[in-house]
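The chains referred to below are lettered A, B, ... by the order of the sequence lines, with proteins before strands, and numbering in each begins at 1. Owing to the predicted nature of the structure, the values given are computational and were not obtained by experimental measurement.
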2 protein chains.
Amino acid sequence: MAHPAEPPRFTGSGKLRPEEQIYQEMLGAILDRRLEPGMKLIEEDLAKTFGVSRARIRAAFLQLAHDKLINLVPNRGAFVAEPTIDEAIEVFSARRMIEDGVVRKVTTHMNDDQAEQIRAHLQAEHKAHHEGDHRAAIILSGEFHLLLARLANNLVIEEFLERLILRSSLIIAMYESPQPADCSHDDHDALLRALTGGNPDEATACMARHLDNIRDRLQLQREKPGKTDFASIFGRRPTSKAG
Amino acid sequence: MAHPAEPPRFTGSGKLRPEEQIYQEMLGAILDRRLEPGMKLIEEDLAKTFGVSRARIRAAFLQLAHDKLINLVPNRGAFVAEPTIDEAIEVFSARRMIEDGVVRKVTTHMNDDQAEQIRAHLQAEHKAHHEGDHRAAIILSGEFHLLLARLANNLVIEEFLERLILRSSLIIAMYESPQPADCSHDDHDALLRALTGGNPDEATACMARHLDNIRDRLQLQREKPGKTDFASIFGRRPTSKAG
DNA sequence: TTTTACAAAATTGTTGACGATTTGCATAAC
DNA sequence: GTTATGCAAATCGTCAACAATTTTGTAAAA
């Protein structure tokens, strides 16, 4: 448990590190689509907005790029990521692999306390749903999966899944259907039953179905018009020289 | 396939980006134990060594910290990571989860070409082993697992496993037995047989055994004497004031 | 009219310097 | 002899300015 050098998220008197602050703000903006996929992120503008120097913004960019939420292009700058359809499919495929293991482990090691944690979380999800708080519902929905990872008792997996869920959120924001069904809390209920049932195969099947549901509800059929990719629209590559 | 903004690893005339260069050099030094776990990494010294400014070193630090190969402590600096025993166990546990899925997928989708790729790799492993090239053997051993991930055809998993394998290398370097058994290429041979056998359960069992072998060959019994953790030695937390 | 060449603007890449924090050491007090 | 205090060195955190690159706009030439 005792990591040698603890990474404190807070400095002395309890104020949030500005670095983390900026990262979180940009994260929220991207997931909310206030920053749209493909949008250029100009260092100086952001620096002025947050009242810091460009160096700080650059550090935040590196973090976001690592999470695949923005793209860093040398000498060109940073752009909000535009996950392709193939990428989206791979992310959900990866989640199936990871969460299969998570669910299997949680099912076999489930105890009363853990079951209670899940139930409490589901209650919060239902509350948000009934109150029509769509934003909270989406966040809680992601945190449900994170809770499962935490119960699997493996920090490595937990951190990776966290990144994957963030990426999923961007994908969902980019490809979601006009009328979001938002019925994943029902899936989560079923998942709890399967988890407490003690049958790993049943539980993993349930999780696989759930992730497929999310993916299939996305509109992954055609390229979104957000950033006009003329090459694909016109089905040809740009000619270097007309001749 | 067409990612909108391609992330070029090379600049114009084909020379490696200095950023990547520095990251790779430090990576190699850490995995070779030329930089020992716990060692302080002073920005200015490294900057002079590589002939760049501190900003560049800082960017490399962020990358390495993200891979958990160094620790960044605010106002104190960067230190080569000292993975704890618990961390080591978690990493190998995580790999079991991930590679379970990988092996399962590869087994069910194996074709002749893929089998040939694995065979070719194993041949290289054997060659390095017989020539006594221990360093190459270790690298190839890691790349074997990476090859499997690539054959699973999921970039997300592949990248994550790459990080995990790097971390494993540091753990192995830190905790390896005095006389390295280095017989993992036998395990890999068995793995190939299982993979081509077409039985996913057998193949995953084989991989699980292999990873457990690596882990169990480590000396994870007691704290290494490198960094004395008095708190754990004496089973108490340091008192802030005596009285 | 189209293409090319050139110039100007915007933006990123890089550096060196300055202030803040931590650490180590010497000195003094108990 | 041990503990507390204060100073000095080392190192990190931050910034603002300069250089290099890309992009955009304009005009001349084919």
Between [X] ([atom1]) and [N] ([atom2]), how many Å, whole number?
X     : N      : atom1 : atom2 : value
A:E44 : C:dA9  : CD    : P     : 16 Å
A:E43 : D:dA16 : CD    : P     : 15 Å
B:K40 : C:dT23 : NZ    : P     : 9 Å
B:I57 : C:dT14 : CD1   : C1'   : 13 Å
A:N71 : C:dT12 : CG    : C1'   : 16 Å
A:L72 : C:dT11 : CG    : P     : 16 Å
B:L46 : C:dT15 : CG    : P     : 15 Å

Next item on the list: Run the numbers on A:E158 and A:L155 for side-chain contact (heavy atoms from CB on, under 4.5 Å), then give the verdict.
Entry: CA-CA 5 Å; A:E158 193 182 327; A:L155 244 66; 4.0 Å; yes
Check: Do A:I157 and B:I98 pass the side-chain contact (heavy atoms from CB on, under 4.5 Å) test, and can you show the C-alpha distance, the side-chain angles, and the key distance before you say yes or no?
Finding: CA-CA 9 Å; A:I157 292 291; B:I98 309 281; 4.2 Å; yes
Check: If you check the B:R58 side chain, which of D:dC15, D:dC12, C:dT12 turns out closest?
Finding: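 Nucleotide nearest to B:R58's side chain: D:dC12.
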Margin query: Of the options C:dT14, D:dT11, C:dT11, whose atoms approach the side-chain atoms of A:I42 most closely?
Written below: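 The listed nucleotide nearest to A:I42's side chain is C:dT11.
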Notebook entry, point to check: Would you call the rings of B:F160 and A:F160 parallel, tilted or perpendicular, where under 30° means parallel and over 60° means perpendicular?
Noted result: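 Answer is parallel, since the angle falls under 30°.
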Check: Tell me the ring-ring contact (aromatic ring centres under 6.0 Å, His included) pairs involving residues 39-64 of chain B, sequence neighbours left out?
Finding: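 Non-adjacent pairs meeting ring-ring contact (aromatic ring centres under 6.0 Å, His included): zero.
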Next item on the list: Apply side-chain contact (heavy atoms from CB on, under 4.5 Å) to B:K48 and list each qualifying residue two or more places apart in sequence or on a separate chain.
Entry: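 Once residues adjacent in sequence are excluded, the partners of B:K48 under the side-chain contact (heavy atoms from CB on, under 4.5 Å) criterion are B:E44.
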Margin query: Going by the rule ring-ring contact (aromatic ring centres under 6.0 Å, His included), which residues pair with A:H109 if we only count those two or more places apart in sequence or in a different chain?
Written below: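 Applying ring-ring contact (aromatic ring centres under 6.0 Å, His included) to A:H109 gives none.
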Next item on the list: Could I get the full list of ring-ring contact (aromatic ring centres under 6.0 Å, His included) partners for A:F92, not counting sequence neighbours?
Entry: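 Partners of A:F92 by the ring-ring contact (aromatic ring centres under 6.0 Å, His included) criterion come out as none, since no residue qualifies.
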Next item on the list: Can you sort out which residues in residues 60-69 of chain A have a heavy atom within less than 4.0 Å of DNA chain D? Ascending by number, please.
Entry: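 Of all residues in residues 60-69 of chain A, none places a heavy atom under 4.0 Å from DNA chain D.
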Checklist line | Sequence-aligned protein contact record of nucleotides 17-22 of chain D, with B where the base is within under 4.0 Å of a protein heavy atom and S where only the sugar-phosphate is | finding: B---SS
Note to self: Nearest 0.5 angstrom please: B:R58 CZ to B:S53 OG, how far?
What the structure shows: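 One gets 10.5 Å once the value is rounded to the nearest 0.5 Å.
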Checklist line | Electrostatic pair B:E159-A:K68, nearest N-O below 4.0 angstrom | finding: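 A salt bridge links B:E159 with A:K68.
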